[in-house]
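Read the numbers this way: they start at 1 and go in the same order the structure lists the ligands and their atoms. Values below: all heavy atoms of this structure, side chains included; hydrogens, waters and symmetry mates excluded.
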Amino acid sequence: MSILIGEQEYFKGIGKIAYEGPSSDNPLAYRWYDENRVIAGKTMKEHLRFAVAYWHSFCGNGSDPFGGPTQFFPWDKKAEAVDRAKDKADAAFEFITKLGLPYYCFHDVDVVDYGSDVKENENRLQTLTAYLSEKQKASGTKLLWGTANLFSHHRYMNGAATNPDFNVVAHAGAQIKMALDATIALGGENYVFWGGREGYMSLLNTNMKREQEHFAQMLKMAVAYGRANGFKGKFFIEPKPCEPTKHQYDYDAATVIGFLRQHDLLADFSLNLEVNHATLAGHTFEHELQVAADAGLLGSIDANRGDYQNGWDTDQFPIDLTEWTKSMLIILEANGLQGGGINFDAKIRRNSTDAEDLFHAHIGGIDTVARALVIADSIRTNGEYDKIRKDRYASFDAGQGASFEKGGLSLENLFDHAAANGEPAMISGRQEYLENMINRFL
Ligand code: XUL
Ligand code: CO
């Protein structure tokens with residue numbers, strides 16, 4: 001038994017998941033994710049930077065608003081919080097190592113349960129930070145990002161940094177400080193803010209302007225503390241329109257970019273985009289990626305999917321090849337993710353109760369994304385896709401169109417041009433042709 005498996009092996013009978021190629025029918029093998037395969041000048045491992053999410057995989061227990069846990073974890077048995085947390089870390093690193101993924105992500109309270117004593121919580125997290133550090137060294141696994149859970153505890157029912165009570169805001173700050181300390185100590189490459197309850201349930205009791213200013217203030221303090229303590233990575237904001245609040249301030253990529261610009265935070269922040277959050281906001285995932293890429297803020301991804309019939313965050317594992325192919329076209333065109341990776345912020349269903357289910361879920365998600373990368377690269381290499389889109393704007397590449405783009409024309413010039421050139425010819429958008437073209441490569 002290797003050092004990567006603790007005293008107890010939690011996923012017995014499952015070995016290292018290997019790449020076996022598309023013809024394999026082994027459900028515990030990769031058919032597309034070949035970490036060393038080079039696509040567009042980089043290995044798949046470098047492009048995708050996959051991460052396992054501690055919370056869904058090792059803390060989530062299948063409970064929902066209508067019923068309690070269905071998944072009873074052998075690593076969640078011991079009476080003492082720190083002992084339980086060490087067992088959980090053993091299970092997590094066994095799992096990540098068997099999948100062969102380079103990264104993991106956590107919230108502070110995923111790593112170890114917190115009580116209500118701030119200093120005791122700090123002790124607990126520091127103890128686990130030392131433990132995780134050893135695990136990282138032994139396995140080569142790295143921390144893609146850390147974050148603080150500022151939404152589960154009852155004190156955050158009216159928000160965390162945006163809470164109307166300063167005493168609660170201080171608790172949020174304390175948790176961010178401790179989570180940043182852990183992230184820095186573990187060499188975490190990024191730090192995430194997902195504003196779970198940073199929003200409102202009713203405008204009747206809310207001073208939105210003041211709350212948003214408090215939020216910006218907290219972010220500035222986090223940046224100041226992180227930079228003063230050696231954190232060189234990016235801070236990410238993860239947009240989501242609602243749930244658990246009625247309206248979350250970080251509604252979508254465009255809203256967050258406006259907020260960052262308004263509060264002069266663009267130098268330190270970028271975006272962590274989640275598929276199911278995009279669809280909840282009434283967008284496609286591709287839309288959110290494009291908005292971030294156009295602003296140079298495409299930082300990282302939380303991979304999952306929603307459900308066409310349900311209007312909430314179902315956080316299912318990604319399996320939609322078309323959605324991911326369209327997404328990969330944008331990611332490749334943007335020269336990849338800026339500092340982040342692809343974190344599986346996804347959970348197995350409440351009735352998926354075999355230890356193998358967690359493997360099947362991750363393998364399916366990993367292969368979907370890897371296959372989409374291969375397809376998107378073929379589409380780009382073929383060249384027709386880029387050419388059609390470029391040609392569509394050809395009228396701006398020379399003459400009056402080029403002057404317009406450079407700001408060299410007035411409204412009178414447009415009048416003269418329109419009058420001189422008559423009614424423009426109709427030019428097809430060729431959407432169906434392009435859709436068929438994407439399908440040709442799938
Ligand atoms: C919730 C969500 C979070 C963040 C981290 O919808 O996505 O898990 O990713 O707090
Ligand atoms: Co997320």
Side-chain angles (χ1 to χ4, degrees), residues 49-61 63-65 92 103-111 114 143-153 156 159-162 172 175-176 178-180 182-183 188-199 215 218-219 222 234-253 256 269-281 283 285 288-289 292 298-307 310-318 327 337 340-348 361-362 365 369:
R49 296 160 57 85
F50 284 127
V52 170
Y54 225 82
W55 52 104
H56 287 309
S57 296
F58 309 107
C59 311
N61 55 20
S63 60
D64 69 13
Y103 290 103
Y104 71 117
C105 300
F106 62 65
H107 301 86
D108 46 2
V109 300
D110 304 333
V111 169
Y114 273 2
L143 179 62
L144 185 64
W145 48 263
T147 187
N149 176 329
L150 305 177
F151 43 91
S152 294
H153 194 279
Y156 298 124
T162 63
Q175 251 186 274
I176 294 169
M178 295 187 284
L180 263 170
T183 303
E189 296 184 17
N190 306 281
Y191 185 88
V192 163
F193 287 91
W194 170 63
R197 295 189 195 273
E198 311 293 27
F215 187 44
M218 185 67 91
L219 298 181
K234 272 279 169 198
F235 291 89
F236 293 140
I237 291 195
E238 182 178 323
K240 186 176 181 184
C242 55
E243 199 207 9
T245 57
K246 166 190 164 59
H247 180 99
Q248 192 166 304
Y249 295 137
D250 300 329
Y251 197 91
D252 60 3
V256 171
F269 279 83
S270 155
L271 300 184
N272 180 38
L273 299 171
E274 178 162 326
V275 185
N276 206 167
H277 296 181
T279 52
L280 280 178
H283 304 306
F285 184 47
E288 290 294 81
L289 291 170
L298 181 51
S300 205
I301 287 175
D302 271 8
N304 58 22
R305 77 179 202 278
D307 180 293
N310 294 343
W312 67 89
D313 198 12
T314 61
D315 281 345
Q316 295 167 85
F317 275 82
S327 300
L337 302 169
I342 299 180
N343 167 48
F344 287 102
D345 193 354
K347 59 185 173 219
I348 51 175
H362 280 85
V369 176

Within the distance-only criterion (no hydrogens, no angle test), does the side chain of E243 pair as donor or acceptor with the backbone N or O of D313 below 3.5 angstrom?
yes

Could you tally the protein N/O/S atoms lying less than 2.8 Å away from the Co ion (ligand 2)?
4

Once rounded to the nearest 0.5 Å, what's the spacing between atom CD of E238 and atom CG of D302?
4.0 Å

Are the side chain of Q248 and the backbone of P239 linked by a donor-acceptor contact shorter than 3.5 Å?
no

Per-pair distances, ligand 1 N/O vs protein N/O, less than 3.5 Å:
{"from": "ligand 1", "atom 1": "6 (O)", "to": "K240", "atom 2": "NZ", "distance (Å)": "3.1"}
{"from": "ligand 1", "atom 1": "6 (O)", "to": "H277", "atom 2": "NE2", "distance (Å)": "2.9"}
{"from": "ligand 1", "atom 1": "6 (O)", "to": "D313", "atom 2": "OD2", "distance (Å)": "3.0"}
{"from": "ligand 1", "atom 1": "7 (O)", "to": "E238", "atom 2": "OE2", "distance (Å)": "2.7"}
{"from": "ligand 1", "atom 1": "7 (O)", "to": "E274", "atom 2": "OE1", "distance (Å)": "2.8"}
{"from": "ligand 1", "atom 1": "7 (O)", "to": "H277", "atom 2": "NE2", "distance (Å)": "3.3"}
{"from": "ligand 1", "atom 1": "7 (O)", "to": "D345", "atom 2": "OD2", "distance (Å)": "2.8"}
{"from": "ligand 1", "atom 1": "8 (O)", "to": "W55", "atom 2": "NE1", "distance (Å)": "3.2"}
{"from": "ligand 1", "atom 1": "8 (O)", "to": "D345", "atom 2": "OD2", "distance (Å)": "3.1"}
{"from": "ligand 1", "atom 1": "9 (O)", "to": "E238", "atom 2": "OE1", "distance (Å)": "2.7"}
{"from": "ligand 1", "atom 1": "9 (O)", "to": "E238", "atom 2": "OE2", "distance (Å)": "2.9"}
{"from": "ligand 1", "atom 1": "9 (O)", "to": "D302", "atom 2": "OD2", "distance (Å)": "2.9"}
{"from": "ligand 1", "atom 1": "9 (O)", "to": "D345", "atom 2": "OD2", "distance (Å)": "2.8"}
{"from": "ligand 1", "atom 1": "10 (O)", "to": "H107", "atom 2": "NE2", "distance (Å)": "2.6"}

Between N61 and S63 (side chain of the first, backbone of the second, donor and acceptor by atom type, cut-off under 3.5 Å), is there such a pair?
yes

Passing candidate, ring-ring contact (aromatic ring centres under 6.0 Å, His included) with H107, options F151, F193, W145
F151

State whether a side-chain donor-acceptor pair under 3.5 Å links Y114 with Q175.
no

Just checking, is any N or O donor in the side chain of N304 or D315 under 3.5 Å from an acceptor N or O on the other one?
yes

Would you find a donor on one side and an acceptor on the other, under 3.5 Å apart, between the side chain of R49 and the backbone of I342?
no

Could you verify whether a donor N or O on one side chain and an acceptor N or O on the other, from D345 and W55, lie under 3.5 Å apart?
yes

